[in-house]
Amino acid sequence: MSSETESSVAGRVRAAHGSVQLSRDRAEGPRAATTMGTASAGASTKVGSPWPLVLGQTPAPAAAHQDRPSLRESVSSLLRPGRTVVLGQPRDCGPGTGKTQTAIAVFERLRPRMDLALWVTSATRTAALAAYMEARACLVSQIPRTDPPPDGDGEAIAEEFLQWLAGTHRPWLIVLDDITDPAHLAGLWPRGASGRVIATTRRKDDDLAGPGRAFVEVPDFTREESLDYLTARLAAARRPDSLHGANDLIEGLGYRPAALEQACTLLVDEALTCASLHSLLVSRAAPPGGVEVTCGELHTQLWELACERAQDPAPPHLVRRAARVVSVLDPNGIPGDVLKAPACLEYLATGRARSGGVGWVRRLGELLRLSAPVSVPAEQADYARRRLLRLGLLGPGTTTAGSSSNTAGARGLRMHATAQQSLLQSMTDADLTELVRAVADSLVQIWPDCEVCDQLGQSLRSNAAALATRHPQALWEPGVHELLFRTGRSLGQSGLALQAAAYFEELSAVSASWLGPDHPDTLAARHDSARWRGQAQDASVAVSALQELLADTVRALGTDHPNTLTARANLAYWCGQAGDPAGAVAGYRQVLTDRERVLGDRHPHTLIAALNLAHWSGRAGETEKATSLLERLRPTVGTVLGEEHTYTLVVRHELACWQRVTRDPFRAMAGLERVLADRERLLGVDHPQTLLTRRTLASWRSAQDAIAPG
């Protein structure tokens, strides 16, 4: 992607005459105000709600969970107030020993005794910050704020929550699940004499050691536990005859809980016995020369066999390609809609990424009918998902912590990391490149323009982060993939503006090393960094960075390049935000003139510049000029974009705000009421722009009531 996003007043309007925000080239949704988090979807707790508070997303329990009394008692005895228990795996064991399932069992047993219970998926630092911000928002009545942190500083907000944990006398429990890198949690470990912390990790080093922490190894099942697990699963499925040869099977699979769970699914679905399944796996894995087969080789063949059986009787390659799609995503929560994205449907049909990606090149190709996309129907993607679930390659997603129903707050799907590794090892580098690009396109397509649900945004960011690690080059050729930009903007929109700025600083540095410092994507990343730095700290910071960026953009792209015009518009916007509305007016007046010359007077970017000019003219004291400009702009946007376009609604909102100052306030209120009705109908009652209009209208009514006689 080479175009930059333009900061605009279209999207954020204040009660009297303020401002709005509307996205441009990239699919960026407006956000009416920075939210620090909300209670989990489906949970009964809200801001100011009484105790207890149960927050976060817990993984679904494994089928026929095998209780391990000695392990549970060991964890419980160590998990005293003020202590942390780290659940890891022995150095001679691979993943899949049941660490998360053990944490779930302890969490559910202790939760009723806690005033606060929080489950945090801790694979990334931003995921932990988002969870702490959500908890801080729910405790707003409990945590006094005397010195508010800068908007978007997730670190400062999280520290407020951690300080409350350290000082409160209320009992609390926090699970930090799936810590992939201890550095992600530097400074974020919960502490406090009233609290308990459970952490899980696949790491086998000592980096998680620390004062007040006890390390508990979660080993593979014993022979007796493995046999009990198989017996319970097969008895529940009314297949006790399948136990024949169980000892050989459980020994061959190394007593690994995740492998035994997959084996049970195959035994039931394929009507196999333990003996026949073991023989089949050995025959598939046996190398020439009669060398003994290892447990790891049998595990790989187990997942491969499940994938093959899931394929039959589906169309060729359908289920295997669907399994590959989920194998490159976050094992802790895979968005269910990803398999239905147009780019994914094409990959399921062809095994290749769409050549034009998801940007303007792709849209131009479709417009000119240069290539007809080949894809499978969405019903076949649903079929593949059901087959993967039935054969145990996929599992149910996470649910809201404390929810009484697995359907309440359900989120996505899960695939065990062991299965992911086995599937990825069977792919060539070329196939993996195509897969990563196709899935990246799919994530962009299902990413909502406006993230009304913070948990969905966090899930998509976690999946983007997992995908970015699967191949070193796939998302950097021929340029920076849109997914990497979308991830950073999602951080900012979720309230982590300071983290978004740091993300884009790193993205611009990597882009400069891959593509060069003058590449449009490098310049675009620098712009986003300046934008979020200005929003999180001070607008003057953005002005300084954008002045430097504009000089580099002019040198690299020329004075009339659309990105150069966008950079100039951004500089004008942040000048206004820094307290120089006259400078913003001068900047936008020149941008409007140049866009009319280069792009035409009916181009959407030209119309955005006209709206910005009107807005900052009003903020500079020229209220009559602002109203007149918007009155002339209003019919043009309705004709060019349509009366129901979101940008048309933005212009109508802004026009009503200035008409209230310069014209008839009652007429302005009637106009804003119509905007609210249209936004509720077109965008939904919970869309940030709808909420913005509702708040503005409410403030006007309150002001009117305050001056009413009597």
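All values below were derived from every heavy atom in this structure, side-chain atoms included, with hydrogens, water molecules and symmetry-related copies excluded.
Within a 6.0 Å radius of CZ in R239, more than 12 heavy atoms belonging to other residues, nucleotides or ligands are found. Within a 6.0 Å sphere centred on CZ of R352, other residues, nucleotides and ligands contribute 12 heavy atoms or fewer.
Nearest approach of R111 to V54, heavy atoms of both residues: CD-CG1, 3.7 Å. Between C307 and R320, the closest heavy-atom pair is SG-CA, 3.7 Å. Nearest approach of A438 to A343, heavy atoms of both residues: O-CB, 3.9 Å. Listed here is the closest heavy atom pair of A285 and V293: CB-CG1, 3.7 Å. Looking at every heavy atom in both residues, Q380 comes nearest to L318 through O-CD2, 3.6 Å. Scanning both residues, L484 and Y503, for their nearest heavy atoms gives O-OH, 2.6 Å.
The closest side-chain donor-acceptor pair between T428 and D431 falls under 3.5 angstrom. Side-chain contact annotation: T273 with H244, donor-acceptor N/O pair under 3.5 Å absent. A side-chain N or O of S490 and one of R461 form a donor-acceptor pair less than 3.5 Å apart. D330 and N463 are not linked by any side-chain donor-acceptor pair at a separation below 3.5 angstrom, with hydrogens and angles left out of the test.
Put simply, the residue from D248, I250, N247, L230 that forms a side chain to side chain contact (heavy atoms under 4.5 Å, CB included) with C274 is L230.
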Go through the steps to decide whether L302 and L298 satisfy the test side chain to side chain contact (heavy atoms under 4.5 Å, CB included), and finish with yes or no. CA-CA 6 Å; L302 180 67; L298 287 187; over 6 Å; no

Let's go through L79 and R196 carefully: what are the C-alpha distance in whole Å and the side-chain angles of both, what is the deciding distance for side chain to side chain contact (heavy atoms under 4.5 Å, CB included) to 0.1 Å, and is it a yes or a no? CA-CA 6 Å; L79 194 63; R196 297 169 171 86; 3.8 Å; yes

Quick one: do R223 and Y255 satisfy side-chain hydrogen bond (donor to acceptor under 3.5 Å, both in side chains)? Show the steps, please. CA-CA 7 Å; R223 179 184 293 274; Y255 313 108; 3.0 Å; yes

Does the pair S462 and Q458 meet the rule for a side-chain hydrogen bond (donor to acceptor under 3.5 Å, both in side chains), with working shown? CA-CA 6 Å; S462 295; Q458 176 54 46; 2.8 Å; yes

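The residues R284 and E308 are annotated as salt-bridged, a charged nitrogen and a carboxylate oxygen being separated by less than 4.0 angstrom. For D382 and K340, the salt-bridge test passes: some basic side-chain N is under 4.0 Å from an acidic carboxylate O. A salt bridge does not link R309 to D269: none of the charged side-chain nitrogens sits closer than 4.0 Å to a carboxylate oxygen. For E434 and R324, the salt-bridge test fails: no basic side-chain N is under 4.0 Å from an acidic carboxylate O.
R213 is linked by a salt bridge (charged side-chain N to carboxylate O under 4.0 Å, His left out) to nothing, counting only residues two or more places apart in sequence or in another chain. Scored by the salt bridge (charged side-chain N to carboxylate O under 4.0 Å, His left out) test, D177 finds no partners at all (sequence neighbours excluded). For E477, the salt bridge (charged side-chain N to carboxylate O under 4.0 Å, His left out) partners two or more places apart in sequence, or in a different chain, are R437.
The aromatic rings of W476 and W514 lie parallel to each other, their planes meeting at an angle below 30°, with 60° marking the opposite boundary.
Taking 4.5 Å as the limit, some side-chain heavy atom of S76 sits within range of a side-chain heavy atom of R109.
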